[in-house]
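This report refers to the structure that appears directly beneath it.
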Amino acid sequence: MISNLELPTFKFEPVNLSVNDYKSGVPPVWCPGCGDYGVLASFYKAISELQIPREQLAIVSGIGCSGRFPAFVEAYGLHGTHGRALPLATGVKMARPELTVVAAGGDGDAFSIGMGHVPHAIRRNVDITYIVMDNEIYGLTKGQPSPTSPMGMEKKASPYGTVEQPLNPLMLAITCGATWVGRGFSSKPKELVELIKQAITHKGFSFLQIMSPCVTFFDTYEHFKNRTRPLPAEHDPRDRMSALKYALEDQTVYLGLYYQEERLTYDQGYAAKRQTLPNYGVRQIMDKYRR
Amino acid sequence: MANNDLTVRVGGDSATGGIVTTGEVFARIAAYAGLEVYTTRTIPAEIKGGHVMFQLRIAPTMVWSQGDDLDMLIAFDQESLDRYHALIRPGGILIYNSNESTPPPTEGITQYPLALNDLAKAINFQRGRNIITIGAMVKLFDLPFETATAVVAKQLGRKKEMLEQNLLALKTGYDYIEQNVTRTAPYHLTPRDGAKDEERLVLSGNQALAMGAIAAQCKFYAGYPITPATDIMEFLAGELPHLDGTVIQAEDEMAALAMAIGASYSGVRAMTATSGPGLALMQELISHATMTEIPVVIVDVQRAGPSTGMPTKVSQGDLRMSVFGGNDDAPRIILAPVSVEDNFYQMINAFNLAEKYQTPVIFLSDQDMSVRVQTIPAFDLSRVRNEPRLLWEPNPNEKFERYQVTANGVSPMSIPGMPGGQYVAEGLEHNVYGEPSYSPEQRHDNMDKRALKVRLAAQDAERLEMYQKFGDPSAPVAILGWGSTIGPAIEAVERAAAEGMPVAALYVKMIFPHPHDLIADFIAQRQAIIVPELNYTGQYARMIQAEFWREVISLRKYGGVPLTAREVYAEIKRVYATLPAAPKKAKPVTAKKPATVKRVAAKKKVVTKKPVASKRQTARRK
């Protein structure tokens with residue numbers, strides 16, 4: 001019997017699972033044609049190609065269309081509150097470093113209400129994969145401008161057009177020091193599967209922005225179809241300046257791995273500190289305070 | 001002087017430094033000499049500058065409150081003199097820094113000038129004025145000089161050259177009193193026989209709390225710095241990594257609680273600690289832990305609000321937010337320790353209840369007991385029982401029902417890594433599998449389930465003896481209280497009993513759910529029930545009235561300072577005078593502020609109120 005007071009180290013056996021084995025059976029509730037279907041399909045494919053044991057995978061989300069993501073995957077899931085996917089995922093990973101932890105969010109969850117957590121998860125280099133399904137709009141609340149909406153967007157909440165400049169998520173992640181930064185597009189599944197696999201395999205914080213159009217409130221399929229292009233072959237993902245250059249490009253939406261470096265992860269760093277310390281119990285701590 | 005129960009106050013400006021150190025080091029010297037100590041302090045929120053007061057009470061037996069009149073005042077500056085000299089009892093002693101202050105002529109008080117600046121200059125150690133004062137106090141109280149040396153070495157001996165200077169300052173103060181002030185020490189503090197051999201700890205409420213968390217096998221802490229909870233994080237940051245645990249300083253309070261929830265979801269016992277403003281920020285996630293049924297312990301070291309309020313002042317004003325915070329009905333368990341020592345044992349209960357009922361537990365400490373350094377009996381580790389959470393037994397033939405409706409509302413939980421135990425801990429309303437579901441029937445079941453668990457926890461309060469009774473059980477007048485007002489209540493009840501006014505007292509450590517039978521039995525036959533607490537509206541009193549349909553007398557203080565035994569005693573006396581059987585009928589009064597202490601009038605204000613029953617309540621009773 002397992003007790004949570006002395007957790008065993010779970011051993012994960014190699015598995016032989018098909019794409020369907022990773023489907024929870026809960027039917028997605030997104031609008032027909034939503035980009036998120038493409039993200040989910042690529043995700044199933046990626047984790048089945050990686051053959052991640054289902055009980056080893058934890059998927060954490062916040063609120064929004066993206067927040068439903070864990071429900072559709074046969075894995076451990078934690079559907080949190082708006083904006084808190086990253087700290088929830090940090091808690092999961094730091095308590096149980098042997099788990100594969102994926103956080104899923106949208107542009108509102110990540111860059112508006114949850115923005116306070118993004119730079120910190122990045123600077124800690126928590127070994128999790130952050131998938132941001134970016135549709136540049138608030139979909140679940142029926143179409144309000146988000147932090148990545150283009151300037152001038154006219155919606156019910158911005159009837160005269162927005163006057164705010166959108167954020168550049170890739171710039172943000174690169175300048176905060178993310179150790180893996182990439183961008184995909186929900187309609188380019190082959191490339192997206194590869195990116196998801198790389199992001200999950202990377203040791204450290206992986207920041208994957210996926211352009212995932214909202215067919216109902218901000219249909220950008222045509223826009224992205226005409227503007228997406230793979231990052232040029234001469235781009236070196238170890239070159240941060242080059243990554244920034246392509247991230248700044250606004251006429252062309254470059255897809256692929258922008259930046260990658262190896263750095264000690266949060267759990268590795270913490271474990272290394274722990275190893276230098278003698279082990280003791282509550283009795284020894286109490287003894288320090290005897291008169 | 002025969003008096004062996006002494007109250008000493010040290011006052012000064014924090015910019016000159018070391019007021020709190022003076023009190024703490026001296027308290028430790030007394031404790032190491034075999035005495036019982038109890039300290040309290042008020043400090044400004046600013047790091048440098050502002051008035052600081054440190055008070056300690058020393059006696060051969062356990063003391064329960066900070067004391068009322070001062071036996072000795074040590075004034076580092078004129079402000080301290082002005083503020084406190086009127087509080088010195090007749091026959092008491094005033095020691096003042098004669099370089100910086102002139103005392104008013106006061107009859108019946110012995111005054112000792114201490115030229116602190118000159119003494120410090122003479123040994124070329126300007127910042128050593130506080131240690132000189134400690135040396136002087138050691139002599140005045142006739143404590144062993146070797147004990148003082150040992151404590152100073154332990155507390156202030158990190159750097160060798162500094163230690164030499166500190167010890168010189170200690171000796172300077174000691175010698176000064178010996179040579180100039182008096183040949184006989186005014187106060188002899190004599191420990192009880194054998195007291196030195198008893199197992200005693202010297203520590204603060206926050207330290208006791210953190211030790212309780214460690215004993216409860218908490219392996220994960222995330223927190224955000226906030227006065228007066230920060231030293232819980234600092235304590236655990238130093239200790240948990242030695243026990244395979246993790247401490248994270250989060251980017252804000254929401255992140256802190258989210259991390260703790262994530263860790264607990266993954267199977268380990270987890271907690272966070274904060275104060276009122278942080279608890280306000282955490283409300284959404286507390287509801288989330290209720291909804292997803294994830295155990296987590298949230299400590300709130302209460303300070304005076306609202307808003308930023310008075311970060312370094314005591315309050316019990318977060319009770320209502322703890323019980324009723326969050327959107328819709330989100331039941332949680334609320335515990336409140338009563339003393340420094342109790343912080344340890346109630347943390348064990350907090351974790352066990354969170355794990356047993358898979359729900360958040362809010363732990364309400366307060367500023368006063370969090371910083372108070374006290375001598376307490378060593379913790380009895382054999383009393384610590386940690387109950388594992390109810391885990392699912394893997395069964396390959398069935399789909400795991402995480403939110404199964406059960407007789408007691410508690411459903412077996414899986415943790416990541418258990419094959420077949422995959423589910424979504426869902427913040428949306430959900431079905432038994434954790435899949436989103438808004439069916440009205442399901443919704444009813446789940447609301448009942450989450451409330452039932454918390455209601456059942458009341459039984460544990462009696463089973464685990466999460467209450468303290470004292471006084472005369474058959475008395476007509478009762479005190480029903482919570483938290484750190486127990487100290488003054490104990491002393492007031494003793495004093496009242498000695499004067500023929502018996503009082504029964506019950507301090508409940510589970511504030512929500514109410515241990516119903518326990519409280520109902522206790523209040524059943526009383527003529528008057530006093531509920532003392534440190535908040536404006538009488539939050540606990542109102543909860544008791546609403547739950548038990550019984551009028552209570554709300555004794556409220558909200559000036560940011562602890563209740564005193566004298567104030568509780570005065571209320572007992574007042575209530576006794578109003579009882580029908582009493583010979584003369586006194587009208588209920590609002591305590592007036594003492595005319596002699598103008599500048600601290602606000603702190604002294606205690607409001608008593610006999611709440612008028614609402615129309616609805618009166619109607620119901622008829």
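To find a chain, count down the sequence lines: A is the first, B the second, and so on, and within it residues start at 1. The shown structure was predicted, so the numbers you read here are calculated from the model rather than taken from an experiment.
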- Message: Please classify the contact between A:Tyr270 and chain B as side chain, backbone, both or neither, with a heavy-atom cut-off of under 4.5 Å.
- Response: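 The side chain, not the backbone.
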- Item | A:Leu7 portion near chain B, given a 4.5 angstrom heavy-atom threshold |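 Only the side chain of A:Leu7 comes within 4.5 Å of chain B.
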Answer with side chain, backbone, both or neither: which region of [X] has an atom nearer than 4.5 Å to a non-hydrogen atom of chain A?
X	answer
B:Asp252	side chain
B:Tyr32	both
B:Leu390	neither
B:Lys219	neither
B:Ile415	both
B:Pro394	neither
B:Ala222	neither
B:Glu435	side chain
B:Val247	both
B:Ala255	both
B:Tyr221	neither
B:Glu426	both
B:Glu393	side chain

So, [X] and [Y]: side-chain donor and acceptor under 3.5 Å apart, yes or no?
X	Y	answer
B:Glu401	B:Tyr423	no
B:Arg269	B:Asn352	yes
A:Asn135	A:Ser212	no
A:Asp109	A:His82	yes
A:Glu74	A:Ser24	no
B:Ser264	B:Arg389	yes
A:Thr265	A:Asp267	yes

Taking side chain as C-beta onward, heavy atoms only, is [X] less than 4.5 Å from [Y]?
X	Y	result
A:Ile128	A:Phe205	yes
B:Tyr224	B:Met254	no
B:Glu293	B:Arg402	yes
B:Leu236	B:Met271	yes
A:Arg68	A:Ser61	no

- Query: So is B:Lys399 actually on top of B:Tyr433's ring, under 6.0 Å and inside 45° of the axis?
  - Reply: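 Verdict for B:Tyr433: a cation-pi partner in B:Lys399.
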Greatest number of heavy atom pairs closer than 4.5 Å to chain A - which of [options]:
options	value
B:Ala378, B:Pro416, B:Gly427	B:Pro416
B:Glu387, B:Glu284, B:Met291	B:Glu284
B:Ile261, B:Leu257, B:Leu243, B:Val151	B:Leu243
B:Ser266, B:Gly245, B:Ala31	B:Ser266
B:Phe379, B:Phe220, B:Trp392	B:Phe379
B:Ile248, B:Leu203, B:Leu428	B:Ile248

- A:Leu57/A:Ile47 under side-chain contact (heavy atoms from CB on, under 4.5 Å): CA gap, chis, key distance, verdict: CA-CA 9 Å; A:Leu57 180 61; A:Ile47 56 175; 3.9 Å; yes
- Applying side chain to side chain donor-acceptor pair (under 3.5 Å) between A:Lys203 and each of A:Asp127, A:Asn125, A:Thr179, report the one that passes.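 That would be A:Asp127; it is the only one of A:Asp127, A:Asn125, A:Thr179 passing the side chain to side chain donor-acceptor pair (under 3.5 Å) with A:Lys203.
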At a heavy-atom distance under 4.5 Å, which candidate from [options] has the highest pair count against chain B?
options	value
A:Arg283, A:Lys273, A:Lys93	A:Arg283
A:Gly67, A:Pro53, A:Ala75	A:Ala75
A:Phe12, A:Phe10, A:Tyr266	A:Phe10
A:Ile285, A:Thr90, A:Val26	A:Ile285
A:Val101, A:Val282, A:Leu5, A:Leu99	A:Leu5
A:Lys11, A:Gln56, A:Glu6, A:Arg54	A:Arg54

- Does the ring center of A:Phe207 lie less than 6.0 Å from the ring center of A:Trp180?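 Ring-ring flag for A:Phe207/A:Trp180: false, centres at least 6.0 Å apart.
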- Item | chain A-proximal positions within residues 205-214 of chain B [heavy-atom distance under 4.5 Å] |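 Residues of residues 205-214 of chain B touching chain A at under 4.5 Å: B:Gln207, B:Met211, B:Ile214.
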